[in-house]
Amino acid sequence: MDTVIHEMITEKQIADKISEMAAQINKDYEGKEIHLICVLKGSVFFCCELAKRITVPVTMDFMAVSSYGSGTESSGRLEVKKDLDEPVDGKHCLIIEDIIDTGSTLNLTKKMLLARNPASVKLCTLLDKPDRRKVEIEAEYTGFVIPDKFVAGYGLDYAQKYRNLPYIGEVEFKED
């Protein structure tokens, strides 16, 4: 099956929105240090660009999590594929996500981190797809609200492809 990517959010729109989000984060965390938790793999591009624009002190760690196993529906259990390298006890944690759709995995991740005694845990997402939400969860910092379309680019993939696109596009599937 062939795929065609139709640009939805331009590289400039993404850069402008990340700057806007960073300005709000800088204001909200003035006088504090933020511990960014980048959820792998899709959030790497967003997290790095955001971190470069944050002016308060930043530390960073990475984790890979899933609540889907090998299926397409959440199992309700969190599978930690790569845990944090450092403890979060007493830290102001900001979970960096590429996209929130059902909310299942992010909800379980936030609960797990809250059990580790951080000073705070907030959510930051580049994309929010509320039409797919199954779990009540809302990010404190949201870049773009998008319709229920399959998207790729800027870290998001389809079958591990298209992460390197500098924009976000809707994936169209074409029969051969």
Side-chain angles (χ1 to χ4, degrees), residues 14 17-19 21-129 132-144 151-160 162-164 168:
I14 294 168
K17 182 58 77 172
I18 292 173
S19 293
M21 294 171 78
Q24 185 62 52
I25 291 167
N26 291 331
K27 181 179 171 192
D28 293 351
Y29 286 92
E30 188 174 349
K32 297 176 183 165
E33 182 176 292
I34 310 172
H35 188 63
L36 302 181
I37 298 173
C38 179
V39 180
L40 298 172
K41 298 178 185 171
S43 302
V44 170
F45 290 73
F46 173 47
C47 186
C48 291
E49 289 302 316
L50 182 67
K52 290 190 307 190
R53 292 167 172 85
I54 294 175
T55 57
V56 298
V58 167
T59 57
M60 189 183 297
D61 206 341
F62 300 86
M63 68 185 319
V65 293
S66 174
S67 65
Y68 289 84
S70 61
T72 58
E73 291 294 318
S74 177
S75 66
R77 292 188 321 272
L78 187 68
E79 178 187 352
V80 179
K81 297 176 179 185
K82 187 234 175 280
D83 206 343
L84 299 172
D85 293 329
E86 302 291 326
V88 296
D89 188 57
K91 295 179 180 181
H92 293 285
C93 297
L94 186 58
I95 301 172
I96 309 298
E97 186 62 278
D98 54 355
I99 188 167
I100 302 174
D101 53 18
T102 67
S104 300
T105 303
L106 194 53
N107 182 54
L108 293 169
T109 302
K110 184 175 181 181
K111 285 180 181 177
M112 177 189 73
L113 291 173
L114 284 168
R116 296 179 181 184
N117 301 313
S120 65
V121 176
K122 291 186 179 181
L123 308 175
C124 178
T125 186
L126 181 59
L127 303 174
D128 186 10
K129 202 187 289 187
R132 299 239 324 136
R133 198 77 84 244
K134 292 185 177 180
V135 175
E136 202 52 46
I137 193 161
E138 198 168 315
E140 285 80 4
Y141 307 98
T142 299
F144 301 94
V151 294
Y154 208 81
L156 293 104
D157 74 298
Y158 167 63
Q160 295 299 324
Y162 308 116
R163 288 188 196 278
N164 61 317
I168 294 168

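We're numbering straight along the sequence, starting at 1. Just so it is clear, the structure is predicted and the values come from calculations on it, not from any experiment.
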Query raised in the report: Taking atom types as modelled and ignoring hydrogens, do the side chains of Ser19 and Arg53 form a donor-acceptor contact shorter than 3.5 angstrom?
Result: yes
Donor-acceptor check, side chain of [X] to backbone of [Y], threshold 3.5 angstrom: yes or no?
X      : Y      : answer
Thr142 : Phe144 : no
Lys134 : Gly103 : no
Ser43  : Ile96  : yes

Report task. Sequence neighbours left out, what pairs pass side-chain hydrogen bond (donor to acceptor under 3.5 Å, both in side chains) with at least one residue falling in residues 106-119? Result -> Asp83-Arg116
What residues, two or more places apart in sequence or in another chain, satisfy side chain to side chain contact (heavy atoms under 4.5 Å, CB included) together with [X]?
X     : result
Phe45 : Tyr154, Arg163
Ala51 : Leu36, Met60
Lys52 : Glu49
Thr55 : Asn26

Requested in this report: Start with the C-alpha distance between Cys38 and Val44, add both sets of side-chain angles, then the distance that settles side-chain contact (heavy atoms from CB on, under 4.5 Å), and finish with yes or no.
Outcome: CA-CA 7 Å; Cys38 179; Val44 170; 4.1 Å; yes
Got [X] and [Y] here, is their nearest side-chain heavy-atom distance under 4.5 Å?
X      : Y      : value
Val39  : Val65  : yes
Cys47  : Leu50  : no
Cys124 : Met21  : yes
Lys32  : Val56  : no
Tyr141 : Thr125 : no
Leu127 : Ile100 : no
Phe62  : Leu40  : yes
Leu106 : Leu108 : no

Apply side-chain hydrogen bond (donor to acceptor under 3.5 Å, both in side chains) to [X] and list each qualifying residue two or more places apart in sequence or on a separate chain.
X      : value
Glu30  : none
Gln24  : Asp28
Asn164 : none
Tyr29  : none

Which residues pass the salt bridge (Lys or Arg N to Asp or Glu O under 4.0 Å) test with [X], not counting sequence neighbours?
X     : value
Asp61 : none
Asp89 : none
Lys17 : Glu20

**Report entry** Note: Lys41-Asp98 ion pair, threshold 4.0 Å (strictly below)
**Finding:** no
**Report entry** Glu33 atom CD, neighbour heavy-atom count above 12 within 6.0 Å
**Finding:** yes
Query - Intermediate values then yes/no, side-chain contact (heavy atoms from CB on, under 4.5 Å), Ile37 and Leu84 - result: CA-CA 8 Å; Ile37 298 173; Leu84 299 172; 3.7 Å; yes
Requested in this report: Evaluate the side-chain contact (heavy atoms from CB on, under 4.5 Å) criterion for residues Leu126 and Glu97: first the C-alpha distance (whole Å), next the side-chain angles of each, then the deciding distance (0.1 Å), finally the verdict.
Outcome: CA-CA 7 Å; Leu126 181 59; Glu97 186 62 278; over 6 Å; no
Report summary line: Tested for side chain to side chain donor-acceptor pair (under 3.5 Å) against Ser120, the lone hit among Glu140, His35, Lys91, His92 is His92
Separation between [atom1] of [X] and [atom2] of [Y], rounded to the nearest 0.5 Å:
X      : Y      : atom1 : atom2 : result
Ile34  : Thr59  : CD1   : OG1   : 9.0 Å
Phe46  : Ile18  : CZ    : CD1   : 5.5 Å
Lys129 : Asp101 : NZ    : CG    : 5.5 Å

Report task. Would you sort out whether Thr102 and Val135 count as a side-chain contact (heavy atoms from CB on, under 4.5 Å), showing the intermediate values? Result -> CA-CA 6 Å; Thr102 67; Val135 175; over 6 Å; no
